[in-house]
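Here is the structure we will look at, set down as C-alpha cells.
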Amino acid sequence: MADDIKQYLFRVDQAEKEIDQLKAEIKVLQDSSNVPDVGSVSSAVEKLQTENAKLTYQLNHLKRFLQEEHLRERSCSVSVQCMLEDVFRMAIMSAFPELESPAVMVTPSSKMADYQCNSAMSLAQLIGNSGGKKINPREVAQAIVDKLPETDFYEKRASHYTSPGYTSTPVLPKRVVIDFSSPNIAKEMHVGHLRSTIIGESISRLLEWVGHDVLRINHLGDWGTQFGMLIAHLQDKFPNFLKETPPISDLQAFYKESKKRFDEDEEFKKRAYECVVKLQSYEPVHYKAWQMIYQISMNEFQKVYDRLQVHLVDRGESFYQERMKVLMKELIDKGIAEKDEEGRIVMFVPGYQVPLILVKSDGGYTYDTSDLACIRQRLQEEKGEWLIYVVDSGQSTHLNTIYEAARHLGWIDPAKHRVEACWLRSCAWRRQLGLVHLSTVRGQCLKFIMVHPPLSLTAQSGSRSRDVMFSFGRCWDGGMWKGGVLVKTWGAM
Ligand SMILES: NC(=[NH2+])NCCC[C@H](N)C(=O)O
C-alpha cells in the first residue's frame, strides 16, 4: 500500500512538472512578439512553427496568384459571364444612376436563355428601402433591358415566364447553312478547297457548340461544260463503259487528254457540246457516264474528309438543274431577266455594272444560274436564317452580285436573314505556300497538300513531297524550313 502511494506521489510530481513545462511553452506561443529561444520549446513545436510559417507564405503567394489570374481573366474578357457582368453593370448604372455600386448578379440560366441577370429583385427592394418611389422587379428588369446596348451577340428581353425580376440573355438557335470545301469533279481538290474545308468545319463546330442548327453543304462543281468533253472522250476511249467500269484512276490525266482534243479538234468540240445538252436533259447513257466520273472523284475527296472527320451533305451544281429551269421561266416571265445583243439571257443587279449571265447563247446555264437557284433553295426550302459561304476571295464579285440579286428579288429579309461570306484571301495564301503556284506552273495539281507542319494530307509519294518541300524551301508562315522541322514533318507524312 505504502509503495503504491509512493508510486502515485511520484507520478503526480512528474505530471506537475510536465504541466509547468507545457504552461511555459503555451506562454511562449501566446506571446507572438516573443521569439522563442532554442531549447525553450520542444523541437516538435519548433517544427510546427516552421511549417506554419512556410504554409502562410505559400497561402499568401497563392492568394496573390488567384487575384492576378482573376484580373487577367477580366482584362481579356475570356469569360462570357464576366463580360455580361460588365455589360449589365453599365446598364444598371445608367438605368438607376442614384444607386451607389449596385450588386450585379449574372448566372448561367437553365431555361430559355444561356445567361440571366438576377439583380432586378434586389434592386427593386433597394430602391423601395432607400425611400425612392415603389417599383416592381419586372419594371426594374425592363429598365435594365432598355439600357443594354444593341449587339448581335445576344438577344435581350425582360423575362415574363421565369420568376419576376429575371432579365434573360438567350442565344437563340438559328438555322445555319454553311457552304464549304466545294471542290470540282474531275479536277483535283487543291489547297484552296482544303483550307475552306478546315475553316468551314471549324466555324460549323463553333456554331453548333453555341447551340445553332448547322447544315454543312458541299457545293461541288459537277455540272459544267467540261462534262461534255469528258463524256465524249469516255465514249471514244471506253466504248464499253456501260458494261465494264473504265479503269480511270487518274481522272486528272483523263481530263487533260479530253481538254487537248476539245481545243484542237473542231469535230470533237461540237460533239462535246451535244453531250452537255444531252446530259442536262438526263439522257440515260450520258447521265450514267456522268455518274461514273462523279464517283471516281468523290472516292478521292472522301479520303480527305475521312482524315479530317468532316461530314458534308454533297449537293453540287447539278442538284439545281430543275430549279434553274423554274427560276429562269419566272425571271423571264416577270421581265427581270432579258436577252442581250449576244443572245444571252442576263439579269442586271442594282449597284453592279456587270450583269449575271444566266443562260448562254447555246442555251446552257452557268455558275451564276446555279448559285442564284442555290441561294433561293437555301433560304426558302432549307429555311436557312444564316447563310455562310467559306470561299476564296477571288469569288467575291460573283457572290456579292448573287447576294444583292437575292435581296433585290425579295428573297432575303434583312430582319430575318443573315447572309455572308468568309472570304479566304487567295494571294497571301498562295505566296505563303508556293504550292498552289507549283500546281498552276506545271499544269498539274499536287495531291499532297501542306498547310501547316502538324497537318498534312498525303496521297503523293513521300519522296515527291519531300522534294517539293525542299524546292520551295518555305514554311507555312513564310519562314524558311528548318532542317529538323522539315524532316520531322516529312516523316510524319
Ligand atoms: N456556292 C458556291 N459558289 N460555293 C463555292 C464553290 C467553289 C467552286 N466549286 C470552286 O472550286 O471554286
Side-chain angles (χ1 to χ4, degrees), residues 176-201 203-204 214-227 230 251-252 255 290 293-294 297-298 300-301 304-305 310 312-321 323-324 327 349 352 354 356-358 365-382 384 386-407 411-412 417-427 429-430 435-436 439-440 444-447 449:
V176 180
V177 180
I178 178 165
D179 175 323
F180 66 89
S181 192
S182 311
N184 301 313
I185 299 289
K187 295 190 191 166
E188 208 74 65
M189 179 194 268
H190 60 66
V191 71
H193 297 121
L194 178 68
R195 175 182 47 162
S196 164
T197 310
I198 294 164
I199 296 175
E201 178 62 20
I203 296 174
S204 305
V214 180
L215 176 63
R216 296 155 165 86
I217 299 284
N218 200 2
H219 190 84
L220 296 145
D222 65 356
W223 210 234
T225 325
Q226 77 266 29
F227 287 95
L230 282 165
L251 204 52
Q252 188 80 21
Y255 180 89
W290 173 84
I293 297 167
Y294 181 95
S297 264
M298 282 312 284
E300 282 304 307
F301 300 158
V304 174
Y305 298 137
V310 169
L312 288 136
V313 173
D314 297 320
R315 196 180 280 168
E317 295 158 8
S318 61
F319 176 85
Y320 303 97
Q321 175 63 20
R323 289 171 178 81
M324 287 192 270
L327 172 64
V349 178
Y352 289 84
V354 180
L356 291 173
I357 301 185
L358 298 176
Y365 296 140
T366 71
Y367 192 45
D368 288 347
T369 334
S370 54
D371 258 322
L372 197 60
C374 160
I375 197 168
R376 185 194 209 177
Q377 195 272 347
R378 288 178 188 176
L379 292 161
Q380 298 181 350
E381 293 179 46
E382 290 300 343
W386 188 356
L387 308 190
I388 305 172
Y389 294 69
V390 187
V391 285
D392 191 283
S393 60
Q395 307 221 2
S396 60
T397 309
H398 160 74
L399 280 177
N400 281 331
T401 317
I402 295 285
Y403 300 162
E404 194 48 45
R407 265 178 225 118
W411 302 340
I412 294 177
H417 298 118
R418 178 169 170 176
V419 179
E420 64 201 344
C422 167
W423 302 123
L424 306 173
R425 295 207 291 153
S426 48
C427 298
W429 189 260
R430 277 168 201 211
L435 294 177
V436 179
S439 69
T440 45
Q444 58 169 16
C445 199
L446 282 174
K447 286 184 191 165
I449 302 164

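Since the model is a prediction, treat every value here as computed from it, not as a measurement. Note that ligands are numbered from 1 as they come in the structure, with each ligand's atoms numbered from 1 the same way.
Nearest to atom 3 (N) of ligand 1 by heavy-atom distance, out of D392, L220, D222, D371, is D371.
Annotation: atom 5 (C) of ligand 1 to nearest protein heavy atom, V391 CG1, 3.3 Å. Looking at atom 11 (O) of ligand 1, its nearest protein heavy atom turns out to be H193 NE2, 2.7 Å. Ranking protein heavy atoms by distance to atom 6 (C) of ligand 1, first place goes to Y367 OH, 3.2 Å.
Assignment of Q395 to the shell around ligand 1 is supported, since a heavy atom sits closer than 4.0 Å.
Between R315 and H219 there is no side-chain heavy-atom pair separated by less than 4.5 Å. No side-chain heavy atom of F319 sits under 4.5 Å from any side-chain heavy atom of L220.
Considering backbone and side-chain atoms together, D179 places an N or O closer than 3.5 Å to an N or O of ligand 1. For ligand 1, one of its N or O atoms has an N or O atom of S182 under 3.5 Å away.
Taking the six-membered ring where the residue is Trp, F301 and Y305 present perpendicular rings, their angle passing 60° and hence far from 30°. Classification of the H398-Y367 ring pair by plane angle, with boundaries at 30° and 60°, yields parallel.
With respect to the salt-bridge test (charged N to carboxylate O, under 4.0 angstrom), the residues K187 and E300 do not qualify. A salt bridge is defined here as a Lys NZ or Arg NE, NH1 or NH2 lying under 4.0 Å from an Asp or Glu carboxylate O, and E381 with R376 fails to meet this definition. A salt bridge links R378 with D179: at least one charged nitrogen is closer than 4.0 Å to a carboxylate oxygen.
The atoms of ligand 1 that sit less than 4.0 Å from any heavy atom of Y389 are 1 (N). If you number the atoms of ligand 1 from 1 as listed, the ones under 4.0 Å from a heavy atom of N184 come out as 8 (C), 9 (N), 10 (C), 11 (O).
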